[in-house]
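Structure record follows, encoded as structure tokens.
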Amino acid sequence: MKNSYDLVVIGGGPGGYEAAIRAAQLGFSTACIEKRIHKGEPALGGTCLNVGCIPSKALLDSSHRYEATRHELAEHGISTGEVAIDVAKMLERKDSIVKGLTAGVAGLLKGNGVDWLQGWGTLLDGKGAEKQVKFTAHDGTETTITAKYVILAAGSVPINIPVAPIDDEYIVDSTGALEFKEAPKRLGVIGAGVIGLELGSVWRRLGSEVVVYEAMPEFLAAADKDIAKEAGKLLKKQGLDIRVDTKVTKAEVVNGEVVVTTDVKGETKVEVFDKLIVCVGRRAYSEKLLGENSGITLTERGLVEVDEQCKTNLDGVYAIGDLVRGPMLAHKAMEEGMMAVERIHGEKAQVNYDTIISVIYTHPEIAWVGLSEQQAKDKGYEVKTGSFSLSANGRALAQGEGQGLIKVVADAKTDRLLGLHMVGVGAGDIVHQGMIALEFVSSVEDLQLMTFAHPTVSEAVHEAALSADGRAIHAIQRKKR
Ligand code: FAD
Ligand code: NAI
């Protein structure tokens, strides 16, 4: 085993493995240290590939097909007879997708000449020109490695709350909620955030009665208010019982059931579930990552402190992804990994944090980029908005997906687009049009003047832009221009 590299990455999640590949492309001798064992095997890909983005999307897809087959085919004149589910097979499919992808990442590292060191990495000392990293293999063997540069990419883990201790059987976190052997009859979820809505939707579609407890008074506070309102309406109609302003004060397992006590504006309620998912956010994972003399500064919240370019307080040491400020998203981690390496290489790479897209993969999807109406107002813009309902979009209706809306937020003085928001079919893809428009500093007029193909759901972007000036064609608008 080599014990000296140009660059060592600690953490092989989307941030870390992309950084390692980019480093190798740029000619650095590179090692990526990853300690994860997934289902008995060492695995790259981090939270995202093993227990996050990919397995959740596999189950979202399977459960959506089940629901659509049961409830949506009849109106097309297609009859199916009785539709049954085999949860074990769904989980098997999910696992084989995960395995294929993580093996693919291992192949990419190998093909690019990156050494994957299977075990724990600890930054012992990052202060001098030769950084010291301790590598602890799974068998306990320790080696000290030196490197000119180190990228910390250790990611995050779920937050645990003392009122609902995880036992991995009845009370689970997001990882446990990807492994239920069958749909629990009664499923409680603490936290109506991204995981609560996605995994709550999976098990509801597969037959669970789902109650989602949210401590905040507002549903989906991070989203534009109009989008959150529409999304809340659609999800509730599907059967997700979302209770805002509700604090869980106790959850305990009694005779094989989870007894949940809540406080709703001072009133105590007790409900019983077969399983409870706790998904109240994630925290940076820096245990075992930093030795006593690493020299790295952490923030009050335990994140590694970095500047806009992901440089820590130490020269030659960068930190990226869930370990640092900003949204905990795989695509943000990936871009930061590439930026860090390119900066080390002397280039002027920069992530545009103003255009990081958010997507919630419910059906329909909820997605946005840029500023919400409220955020734009708070920043002092004189705001104009335009929106368009998918109930008047021909393609969405032809697909049986005429629900939801698209909204544009713009600066009324300059016409500059500030944000694009959507709840509706394919929102996660369509919102990329907004990202590209924002990157190119487009005006609303730019979107109005472009020719969108007919019939597409994207036409609703065009109509939302037209509507910002009272010019939507497939909606009655009195304002004229
Ligand atoms: P991670 O993916 O967490 O990877 C860090 C890796 O470092 C881990 O594998 C860990 O084992 C390893 N590590 C930690 N410490 C050490 C050490 N000392 N030595 C060696 N190795 C170490 N994001 C999206 O953008 N889209 C989604 O659809 C999405 N869905 C999600 C669904 C779920 C259920 C969850 C839980 C998360 C989801 N996320 C999603 C978030 C996404 O998974 C994370 O933002 C992303 O994985 C962060 O990447 P990262 O590289 O920073 O960290
Ligand atoms: P989250 O931050 O999205 O949502 C947590 C929710 O729990 C919040 O609404 C919060 O108000 C609520 N909450 C906190 N404490 C509570 C309590 N004691 N009782 C009731 N409610 C409480 O966190 P989540 O869903 O755990 O996801 C973690 C992160 O993973 C996300 O922030 C996101 O970055 C990432 N993720 C991204 C996905 C995507 O991009 N599609 C999918 C899943 C996760």
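Everything quoted here is computed from the prediction, not taken from an experiment. Just so you know, ligand 1 is whichever comes first in the structure, and atom 1 is the first atom listed for that ligand. Quick note: numbers below take in every heavy atom, side chains included, and nothing from hydrogens, waters or symmetry partners.
Listed by first and then second residue, the salt bridge (Lys or Arg N to Asp or Glu O under 4.0 Å) pairs involving residues 284-298 are R283-E287 (not counting sequence neighbours). Sorted by first then second residue, the side chain to side chain donor-acceptor pair (under 3.5 Å) pairs that include residues 294-307, not counting sequence neighbours, are T297-N313.
By the 4.0 Å heavy-atom criterion, P158 is excluded from the residues contacting ligand 1. Residue contact annotation: V157 has no non-hydrogen atom under 4.0 Å from ligand 1.
Using a 4.0 Å cut-off between heavy atoms, R282 contacts ligand 1 through its side chain alone, with no backbone atom that close. Under 4.0 Å from ligand 2, the heavy atoms of I190 that appear belong solely to its side chain. Heavy atoms of L323 found under 4.0 angstrom from ligand 1: none, in either backbone or side chain. Residue contacts with ligand 2, taken as heavy atom pairs separated by less than 4.0 Å, do not involve V163 at all.
Scanning all protein heavy atoms for the shortest distance to atom 18 (N) of ligand 2 gives I161 CD1, 3.9 Å. Looking at atom 3 (O) of ligand 2, its nearest protein heavy atom turns out to be V194 N, 3.1 Å. In terms of protein heavy-atom proximity, atom 20 (C) of ligand 2 is nearest to A215 N, 3.3 Å.
Taking any N or O of M328, backbone or side chain, at least one lies under 3.5 Å from an N or O belonging to ligand 1.
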